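Because the structure is predicted, anything quoted here is derived from the model rather than measured. Every heavy atom of this structure was used, including side-chain atoms; hydrogens, water molecules and symmetry mates were not. A note on names: the letters A, B, ... follow the listed sequences, proteins ahead of strands, and every chain is numbered from 1.
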Amino acid sequence: MTNSLSNAALDQGSVERQLRARRDGGRRLLMPYVTGGITPDWTAYLRAFAAAGADAIEVGLPFSDPTLDGATIQEATDAALARGATTRQILADLAELPDLGIPLVASTYYNLVLHDGPEAFCAALRRAGVAGLIVPDLPLHEADELTGVAAAAGIELALLASPTTPEPRLAEIGRRSRGFVYAVSIMGTTGERADLAASATELTRRIKLGTDRPVLLGFGISTPEQAREAGRHADGVVVGAAVMRRVLDGAGPDDLRAFLATLRRALDQE
Amino acid sequence: MTNSLSNAALDQGSVERQLRARRDGGRRLLMPYVTGGITPDWTAYLRAFAAAGADAIEVGLPFSDPTLDGATIQEATDAALARGATTRQILADLAELPDLGIPLVASTYYNLVLHDGPEAFCAALRRAGVAGLIVPDLPLHEADELTGVAAAAGIELALLASPTTPEPRLAEIGRRSRGFVYAVSIMGTTGERADLAASATELTRRIKLGTDRPVLLGFGISTPEQAREAGRHADGVVVGAAVMRRVLDGAGPDDLRAFLATLRRALDQE
Amino acid sequence: MQTRDVLAWRASVAGSGVMGEPAARGRFGEYGGRYVPESLAEACREVDEAFRGAWADPGFRGALTRLLAVHVGRPTPLTPAWRLSGELGVQLYLKREDLTHTGSHKINNALGQALLATRMGRRRLIAETGAGMHGVATATAAALLGLEATVFMGERDMERQSLNVFRMRLLGAEVVPVTSGSRTLKDATSEAMRHWVGTTDDSHYCVGSVVGPDPYPWMVREFQRVIGEEARVQCAAELVTGVPDHVVACVGGGSNAAGTFAGFVDTPARFVGVEAAGGAGASGGRLGVLHGFRSLFLQDDEGQIIEADSIAAGLDYPGVGPEHAHLRDLGRARYVTVTDDEVLGATARLARTEGILPALESAHALAWVIRAAGSGELPAGSTVLLTLSGRGDKDVSTLKELL
Amino acid sequence: MQTRDVLAWRASVAGSGVMGEPAARGRFGEYGGRYVPESLAEACREVDEAFRGAWADPGFRGALTRLLAVHVGRPTPLTPAWRLSGELGVQLYLKREDLTHTGSHKINNALGQALLATRMGRRRLIAETGAGMHGVATATAAALLGLEATVFMGERDMERQSLNVFRMRLLGAEVVPVTSGSRTLKDATSEAMRHWVGTTDDSHYCVGSVVGPDPYPWMVREFQRVIGEEARVQCAAELVTGVPDHVVACVGGGSNAAGTFAGFVDTPARFVGVEAAGGAGASGGRLGVLHGFRSLFLQDDEGQIIEADSIAAGLDYPGVGPEHAHLRDLGRARYVTVTDDEVLGATARLARTEGILPALESAHALAWVIRAAGSGELPAGSTVLLTLSGRGDKDVSTLKELL
Ligand SMILES: Cc1ncc(COP(=O)(O)O)c(C=O)c1O
Ligand SMILES: Cc1ncc(COP(=O)(O)O)c(C=O)c1O
C-alpha cells in the first residue's frame, strides 16, 4: 500500500490535527526540510527523518529563482534542478513512498503553483500524499487566490509570519493559516546562524497571543541548543539549511538520522 | 681661409646676383637640400653637392615640428635631432667650411628664428656664411617682421609661392622675395612624387609674369626627367626629399654627387 | 488616418483608467500585485505610503523637478532624425534620454527613489543592475543626496561591464558580485531582494524598472513619466500633426517604454514596445510570478524561469513589467521582437546617419522602425516618436568585438 | 568686495576690445597671426571670409542654435555643487558641458565648423584629436550633416583611447594613425595641417581648440561662447550676487576656458585658467610659433617644442591659444597649474560628493578650486563658476589603473 492511498484517506486538516495532538501531548515538534530530487534516492532522507522522530516533513519543490532562500538552499535547489528534478517527478517519488505516519508539507514558490494552475497543482499534491503547503512568496494579502483552492483540494496552506508583521495582520495570519503558522525567526533568508535571534522569541509570543494553532519556528535553526531554546517559546522548529548543508556535503540518510536525533533529544529534554 | 671670412665679403643680394648671373648665362639652376647635422660629417654632403654642379645649397635647420615636410624630411629631422643637432652647432659646422663658391641658404621654421630673436638669428646665419633664408611657415602677410631685419643683416629672405596663391598676392611675393622665388610645385608637403604636377608649370608661368627674379621649383622633384621637365618652365629646381631619402638609406657624399650629377645633366641637356 | 487602417491592431481601448494608478492590490488587469515574502510586506507598504504622500506633495515634486533640471539636464531634447527619416520615408523623432546625466533614462527613476528614501529617513539604497546603467544611476543619486549605495550585479555582468563597475565604485557605491544562477540580472535582482529582507529598517530598495512588487511598477512608471510628458509637449510644438502616429520604445522591464507611453495614453498614438528576441517577456512569456509581481515570464515546460539572452545586457530580463502585460491584453500597446543582427545594423546606421551612437537597448526600438518602414508596416510619411533610452558608450567594447 | 582685495592679481583691464574680434592680422596683443605655409594662406582667408559672413548671418546662427538645442542638448544646466560647496566653504557652480551630446564642449565648435563647411561647399572635415573627444565630436558633426571626416590621431593616443577610435569609425570617420614624433596630439595636429595642404579645395580643417592660424582662435572661441553666455544668464538667475566672483576652467588649447570667459568679460569676475603641470603653455611657455600661430609654447633651450605630459590626454598640448597669452599679459586672466595627483583626488571627490564623474581635463579646474579654497586663496563664501568641460567616462580605464 502506497502513501498516496493511505493519505487519500486523511481528512481535511490532518496536518494541523496531528501536530496539535502531539503538541498538546507535551511534545515539541520537529519538521526537517529536504529539497525534493536532490539525489536519485532522495526519499530515503524522508524515511530517515521519520525514523529520527520528525513530526512532519517539508519537501521543497525546486524553483529556478529561490528568492527567499539563502546560499545553502539555493545550492541544493540548483543541484536538484541540474539533476533534472521536476515537480512532476518529485511528486511521483512521494506517491511511491509508504506512509511514514507523519504529514508531508510541500514548499515552493508561487510560480510553480501557477504553472498548471492552483487547482491542478493542489490536486497533484494531494495525489502524491502531500497534505500541507508553504509558499513563501505568497503573503497573506495575496493568499486568497490559493486558500480556497487548496482547502477544496484538501491541502492545508500554512502562512508565514515575520518579525516585522504588524499586529492586526499577524492575527489575521493566525486565523487564515492552515496546519500551523510558520514563524520566520529573523529578518533574513533561510540559512544557518550562530544564535537564535531575539526576534524569534518575540514573534512566537506575539503569534500565540492571537492563535492556538501550532507555531513552528524556522530560518536559521541548526543546532540542538537553538532547537532547545526555540522549543521554550514555539511549538516546534523547522530545520532546513542545517539539513541541506549536510546533504550537500555528502551526508547520507543515516548521518541525517543521527543529526536529527540530536535535535529530537534537545527538544524532548526541554 | 674659412667660408665665413670669404662670405663676409659678399655684398647684400649675393644669392640673387649669383643665381641671376648663372641663369642669364643660360644655365638651369640646381639647389639640393640637406638636413643640417644629419650625420657627424654632414658638411661633406655640401662639398659633394658643389662638386656635382649645384648652384646653391639649402641647409635645413631641424625643428621638432616640421609641419610642412613630408615623411622623408620629417625622418631626417628626427634623426638629426636625435643625434643632438642644434642650430648653434650646425652654423658652427658651416662656419668651418671652406668657400664652396655657391651661396648657402638656410631653411627652417619660424619658431627657431624667434627663439633668440630675428636679429640674433640673422646675425648668426651671416656669421656662418649663410646668405639666404627660407621660412616655410612665414608667408607673405607675416613676413614683414623678418624682411627688414634679414635685409639689415645681409640675409636674403626668399618667399614661397604656391599654386593657390591668388594674383595680386603672387605679384607681391615676387616683389618682396629676395634671392629667388621658391615655387611650391604642388598642394602638398615635401616628398618625392612620380610626376611633375601640372600645377607646377602653371605656377612658374604665373610667377614669371610678375617678376624677373630667379624662380626655383621645389617639392617633389626627384628624377632627372622631372628636373628636365621643370627646367623647361622654371629657372631651376630644389631637390630635397630625393636627396634625403638616399642619405637616410645610407648613401654617402659620393653617392649623392653621382645622383646630383644625373640631375645636373638633365638640366643642362634642356 | 490612413496609417492606422493599414495596421492589424486591435482598436485601442479608451484611456479611462489606463496608465493611471493600479487597481486594488496593485493590479494592472490580472498582473502586478505584491508577491513578496511576509518579511517584505511591511516594507512594501511603507514605500507605497511614502510614495503616495510624496507624489501628492508639491514640495517633493518641486524638489525632484529641480534636481532633474539642474543635475540631470532635463528636459532632454527631441531630435528630428532628418537624414535617417529621409532614407526610411518616415518622420522619425528621437527623445534623447541618452543626453541625461549618467547616460540613460534610469537616472529619472533612481533620483526619484533616492529623494523618496531621504524623505523616508533611509540612509542607504540597494539596487540590482544588469548592464550597470541603473547601478550607476543609483550610485549617482546616492552620492548626490549623501546616501550609501549597495549594488548587486551578476558576476558575469561585472566581467562584461567592468568599466561600469569601476564607475559605481568611484561614486562611492559598494558593488556586490552575485555568483548564483546565471550570474546575471535575474540573479542580481533575487539577491537584492534577499538583502533587503535583512535591512528594511535603514535601507530602501531602489528597483530599476517597472517590475517588482507593488508599488514599484507604478512608482517607477511615474518617475519615468517625465519622458513622455516632455515628449508630448515637444511633439505638439514640432510635429505638424501634433501627436506622432507611433510611439516606440525598447522594453526590458519596460520603464522607458512605460514612461514614454504614459505621456501619450490619451492620444490616438499607437504604442510599440520592442523586446530582444532573446528576452521577450511580453511577446513570448507566459503567466507567472517572480520578483514580487505577477506578469509574463519566459519559462520552460516545468515552470522554471528561462535565462534571457540578448546582446543588450539591459534587456536580459526574462519578464516584463505588469502594466505592459496589461497593455498588451488591452491591445493598447503591441510588443514585437528584433534580433541581435538587426540591432547591430540599426546601431551602425544611426551612428552614420545622425551622429548618434545609441545604447544597444535603445537600438532595439530603432531596429523595429527600420524593419517596419522597409516592410510598409509603417506607411510612408508616418510620424514616429522613438525614445532613445541611453547612449552607446557603454557598448563600444561589445560592438568592437561584433562589428 | 573683500574677495578681490585678498588676491594678488593685477587689476583687470577694462573690457573694451578684450575678447572681441582680434586686431588686424589676427592679433591678440602680440599673439595670434596666420603663420601658415603659403599653400594654406588662401584656405585660411576663405575660412575667415566664410566665418565672418556666417557669423553675421542670422540664418546661420539660427540654424546653429537649433542644432545645438535639438541635437546637442543645449542649454546645458548650471548645477550647484551643494555638498562639495559645503565642504569647501565656497559656493561652487558647475557649468555642465559634460551633458552635451558626445560628452564634452568640443561638440559646440565641431558642429559650428561643420555647418560652416557645408556653407562653404566642402564635403569633408579634417581634424586632429588627442583624447579623441574632438575627433568624436567632428565625426558626429560630419555624420549629422552628411560630410566625410578624416581624423588624425597619434598612434600612442590611439592605443590609450582605443574606444574613442572605434566610436569615430562607427560614426563613419576615417581615423589615420600618426606615427611621427611623440605620436600624440602635437604630431596629429602637424599631420592634419599637412593633409589639409593637399585637400583645401574640398576639405575644411576643423581645428579643435582656440589654436591654429587666424581665424581659428577667434572662430573657435565664438563657437564656444555659448558656454559663457548661457552661464552668464544662469548665474544671474541663480546667484545672489548675479555674477560669480571667480570663473574657472581648464586650459589645454583653451577653448572651453575662452568660451566661458567670453560670457563674463564685461563683469568683475576673475578668470582662472588651470593647466596641467606637465602641459602648462600659458604658465610655463615662452614665445614661439607653432601650428600657425604665435603664442606661448613649452620649448627647450634650443627652441625645440617639448612634448606635454599630463594624465589628461586633452591637455597634452605644449602651447596655449593666443588669446589666453594675451589675457595673461593684460592681467585679465590668471593661469595656474595643478598636478596629476591633485587631479585624481579632485575626480574622486566630485564623484563621491556630487555623483559626477568629470573628465580628467575638467578635474584640473576643480583641483585648483579645492586647493585654493583650502589655502584661503579663495576666501570663504566666494562664488565660483567652474566649467565642467566633459564627462569622465572616457577616463575610467585610466582611473582604474591609477586609483
Ligand atoms: C539604455 C537602457 N535602455 C533600456 C533599458 C531597459 O530598461 P527598461 O525596459 O526598464 O527601460 C536599460 C536597462 O539597463 C538601459 O540601460
Ligand atoms: C573634456 C575636455 N576638456 C578640455 C579639453 C581641452 O581643450 P580646451 O583647452 O580647448 O578646452 C579637452 C580636449 O580634448 C577635453 O576633451
Side-chain angles (χ1 to χ4, degrees), chain C residues 67-83 93-94 96 98-103 107 111 114 136-137 139-146 162-167 169-172 234 238 347-348 350-357 391-394 396-397 399-400 403, chain D residues 67-80 82-83 93-94 96 98-103 107 111 114 136-137 139-146 162-167 169-173 234 238 347-348 350-357 391-394 396-397 399-400 403:
Chain C
L67 273 180
L68 290 173
V70 302
H71 203 81
V72 172
R74 302 212 71 91
T76 58
L78 182 75
T79 304
W82 286 131
R83 295 184 61 221
Y93 292 82
L94 308 173
R96 299 291 300 280
D98 61 315
L99 293 181
T100 54
H101 180 49
T102 73
I107 190 72
L111 209 46
V136 168
T140 297
L144 180 61
L145 299 179
S162 64
L163 296 190
N164 266 348
V165 173
F166 185 75
R167 248 170 112 191
R169 290 184 171 150
L170 253 184
L171 291 160
Q234 290 166 322
E238 289 277 324
T347 303
L350 191 66
R352 274 164 201 265
T353 53
E354 302 294 335
I356 298 172
L357 183 56
R391 64 184 186 223
D393 299 46
K394 69 179 177 60
V396 168
S397 46
L399 288 168
K400 209 174 160 187
L403 279 185
Chain D
L67 273 180
L68 289 173
V70 302
H71 202 80
V72 172
R74 303 211 71 92
T76 58
L78 182 74
T79 303
W82 287 130
R83 296 184 61 220
Y93 292 83
L94 307 174
R96 299 291 299 282
D98 61 315
L99 292 181
T100 54
H101 180 49
T102 72
I107 190 70
L111 210 46
V136 168
T140 297
L144 180 60
L145 299 179
S162 64
L163 295 191
N164 266 348
V165 173
F166 185 74
R167 249 170 112 193
R169 290 184 173 150
L170 253 185
L171 290 160
Q234 290 165 324
E238 289 276 324
T347 302
L350 191 66
R352 273 163 203 264
T353 53
E354 303 293 335
I356 298 172
L357 182 57
R391 65 184 186 224
D393 300 44
K394 70 180 176 60
V396 168
S397 46
L399 289 167
K400 208 173 160 188
L403 278 184

Is it the backbone or the side chain of [X] that comes under 4.5 Å from a heavy atom of chain D, or both, or neither?
{"X": "C:T76", "answer": "neither"}
{"X": "C:R352", "answer": "both"}
{"X": "C:N164", "answer": "neither"}
{"X": "C:V136", "answer": "neither"}
{"X": "C:S162", "answer": "both"}

Shortest non-hydrogen contact between [X] and [Y], atoms and distance:
{"X": "D:G73", "Y": "C:P77", "answer": "CA-CG, 3.6 Å"}
{"X": "D:R391", "Y": "C:R391", "answer": "NH1-NH1, 2.8 Å"}
{"X": "D:R167", "Y": "C:V396", "answer": "CG-CG2, 3.9 Å"}

D:L170 and C:K400: CA distance, side-chain angles, deciding distance, side-chain contact (heavy atoms from CB on, under 4.5 Å) verdict: CA-CA 9 Å; D:L170 253 185; C:K400 209 174 160 187; over 6 Å; no
Main chain of C:E354, side chain of D:H71: is a donor-acceptor contact present, judged purely on distance under 3.5 Å?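 Checking the backbone N and O of C:E354 against the side chain of D:H71, a donor-acceptor pair under 3.5 Å is found.
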Largest heavy-atom contact set with chain C, pairs under 4.5 Å, which of [options]:
{"options": "D:H101, D:R169, D:Q234", "result": "D:H101"}
{"options": "D:L171, D:L357, D:T140", "result": "D:L171"}
{"options": "D:L399, D:L67, D:L78", "result": "D:L399"}

Please report the interatomic distance CZ(D:R83) to CG(C:L145), rounded to the nearest 0.5 Å.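 It is 8.0 Å, given to the nearest 0.5 Å.
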Decide, yes or no, whether a salt bridge links C:D393 with D:K394 under the criterion of side-chain N to carboxylate O below 4.0 Å.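 D:K394 and C:D393: not salt-bridged.
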Test salt bridge (Lys or Arg N to Asp or Glu O under 4.0 Å) applied to C:R74 - qualifying residues, sequence neighbours left out: C:E97, C:E230
